[in-house]
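Labels below follow one simple rule: chain letters A, B, ... track the order of the sequence lines, proteins then strands, and each chain is numbered from 1. Keep in mind the model is a prediction, meaning the values are calculated, not measured.
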Number of protein chains: 2
Amino acid sequence: MPLPQTEVPGRLQAHFAERGIRMTQQRRAILSVMETASKHLDASQILRKAQKIDASVDRSTVYRTLRLLKRHGLIDELDLMHINGEGHYYERRLGRDHIHMACLRCGKITEFVSDSFERLKQQVEKDCRFRVLISRLEIGGYCATCRGSQ
Amino acid sequence: MPLPQTEVPGRLQAHFAERGIRMTQQRRAILSVMETASKHLDASQILRKAQKIDASVDRSTVYRTLRLLKRHGLIDELDLMHINGEGHYYERRLGRDHIHMACLRCGKITEFVSDSFERLKQQVEKDCRFRVLISRLEIGGYCATCRGSQ
DNA sequence: CAGGTAGATGCGACTGAGTTGCAACTAGAT
DNA sequence: ATCTAGTTGCAACTCAGTCGCATCTACCTG
């Protein structure tokens, strides 16, 4: 289920430059991790990967950079139904929002893009006069495979 | 925006009895807090309220009971977009799911019931062959009031 | 209604995520 | 080359949530 990409990947650094955000070696490492990540890393995984690029990266820098990226709407924070503990997961924010489905049996995460989701958000904007900036729809249940085999 | 209630409130205890779950004084206190709560309490608020009914209630009992209620699908766990720190909020699970909107400016939480949301979940069931058990849709943005005044 | 016991509790110590204050460092403007 | 506001690493901290264990108790059985 490939996502439609309305943005070229590898542009996090460009975003920083455009907005006049200072670029450091540590940030470069973290951004590159976020850009190349196939999916859903938590803070400690990001730390480990970033340290392979620049060993000096510290835990607190990772958290500070993630907060920065979040504030600028460049990444999304996910809970993935807390399938593994209380931490958070992060992913680059590309084109359209998508739904995250977490299988409560095998732990698999599936993504799903839906026009109905877009329409639902528009309905919220209209009916509740609420300006939608971020949205997170997470679903817990059983994936196709686990659903059959029980 | 009152919620449609398909279940009589005050029935958490009955649920426990039906399922043969042992009832203790501490659980009674916690259940009664959950039943009478107008809305969205976090674990420490639940603890404080429960201790007013039964002073012996301990923090760990609150967490254990919340986990139990969650496992039985009697309460929902919310993040409310982490508007106040990293903790979780809990609410009784009545009739239909609803969307939670968190105003990033004034912090107000609004709820919204929508048929489109139900249809969206049905679409996920059908298109992804995914059995939906729990779903959480949280939206961050600006409420009608804050939207105007900026 | 008097045990017996599986299950629940309180306590305190622990874990793990995330934050913060501060002195040292550095990106990038001049 | 210099200056400084912004960033970093570090270590100490906070806070939510968990866990092991000794004690207690709800409730089943006779």
Side-chain angles (χ1 to χ4, degrees), chain A residues 12-33 40-72 75 77-90, chain B residues 12-33 40-72 75 77-90:
Chain A
L12 282 180
Q13 291 199 31
H15 258 280
F16 267 48
E18 279 162 30
R19 303 183 196 208
I21 303 167
R22 188 174 296 189
M23 181 55 58
T24 65
Q25 209 182 335
Q26 294 84 345
R27 285 185 179 168
R28 222 185 312 273
I30 295 166
L31 297 197
S32 125
V33 169
H40 305 144
L41 302 173
D42 66 20
S44 69
Q45 291 170 319
I46 295 168
L47 173 62
R48 236 177 302 123
K49 281 171 181 282
Q51 283 178 333
K52 284 191 187 148
I53 301 171
D54 174 349
S56 80
V57 176
D58 187 73
R59 200 159 46 104
S60 59
T61 302
V62 169
Y63 283 114
R64 289 193 269 236
T65 306
L66 288 174
R67 207 192 301 158
L68 184 67
L69 287 163
K70 212 166 41 171
R71 261 210 316 274
H72 282 83
I75 58 171
E77 189 183 62
L78 312 168
D79 294 283
L80 300 183
M81 265 0 221
H82 299 298
I83 260 190
N84 292 306
E86 299 297 320
H88 296 124
Y89 295 85
Y90 301 90
Chain B
L12 281 180
Q13 291 199 32
H15 258 281
F16 267 48
E18 280 162 31
R19 303 183 196 210
I21 303 168
R22 187 174 296 190
M23 181 54 59
T24 65
Q25 209 181 333
Q26 293 85 344
R27 285 185 179 169
R28 223 185 312 273
I30 296 167
L31 296 198
S32 124
V33 168
H40 304 143
L41 302 172
D42 66 20
S44 70
Q45 292 169 319
I46 295 167
L47 173 61
R48 238 178 299 123
K49 280 172 182 282
Q51 284 179 332
K52 283 192 188 148
I53 302 172
D54 175 349
S56 80
V57 176
D58 187 74
R59 199 159 47 104
S60 59
T61 302
V62 168
Y63 282 113
R64 289 192 269 236
T65 306
L66 288 174
R67 208 191 302 158
L68 185 66
L69 287 163
K70 212 168 38 170
R71 261 210 315 274
H72 282 84
I75 59 170
E77 190 183 61
L78 312 168
D79 294 284
L80 301 183
M81 262 6 220
H82 299 300
I83 260 190
N84 293 305
E86 298 296 322
H88 296 122
Y89 295 86
Y90 300 90

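Per the geometry, CZ belonging to A:Arg48 stands 14 Å off C1' belonging to C:dG16, to the nearest Å. Atom-to-atom, CG of B:Leu68 to C1' of D:dG17 comes out at 16 Å; the value is rounded to the nearest Å. For B:Leu47 and C:dT9, the CG to P distance is 13 Å, given to the nearest whole Å. Atom NE2 of B:His82 is separated from atom P of D:dC15 by 17 Å (rounded to the nearest Å). Between the C1' atom of D:dA16 and the CG atom of B:Asn84 lies a distance of 14 Å, rounded to the nearest Å. Counting to the nearest Å, the C1' atom of D:dT7 and the CG atom of A:Leu69 are 15 Å from each other. Here D:dA26 presents its C1' atom at 15 Å from CG of B:Leu31, a figure rounded to the nearest Å. Distance, B:Gln51 CD to C:dG10 C1': 11 Å, rounded to whole Å.
A donor-acceptor pair under 3.5 Å is absent between the side-chain atoms of B:Asp79 and the main chain of B:Met81, judged by distance alone.
Proximity of B:His88 to the phosphate of D:dG17: a side-chain N or O atom is located under 4.0 Å from OP1 or OP2.
Here the side chain of B:Tyr90 is nearest to one of D:dT7, D:dG17, C:dT9, namely D:dG17.
For the salt bridge (charged side-chain N to carboxylate O under 4.0 Å, His left out) test with B:Glu77, the passing option among B:Arg67, B:Lys70, B:Arg71 is B:Lys70; the others fail.
Note that CZ of A:Arg27 and CG of A:Asp54 are 13.5 Å apart. Values are rounded to the nearest 0.5 Å. Summarising the geometry, atom CD1 belonging to A:Ile75 is positioned 4.5 Å from atom CG belonging to A:Leu69; distances are rounded to the nearest 0.5 Å.
Inter-residue side-chain proximity for A:Tyr90 and A:Leu78 is flagged as unmet; no heavy-atom pair is nearer than 4.5 Å.
Under the 30°/60° scheme for interplanar angles, the aromatic rings of A:His88 and A:His82 are found to be tilted.
Two residues, A:Asp54 and B:Asp42, neighbour DNA chain D, and the one matched to the more 5' nucleotide by heavy-atom proximity is A:Asp54.
As judged by a 4.0 angstrom heavy-atom cut-off over every strand, B:Ser44 is placed among residues making no nucleic acid contact.
Under the 3.5 Å distance criterion, with hydrogens and angles disregarded, no donor-acceptor pair is assigned to the side chains of B:Thr24 and B:Arg28.
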Original post:
Quick one: what's the B/S/- string for nucleotides 19-30 of chain C, heavy-atom cutoff under 4.0 Å, read 5' to 3'?
Top reply: BBB----BBS--

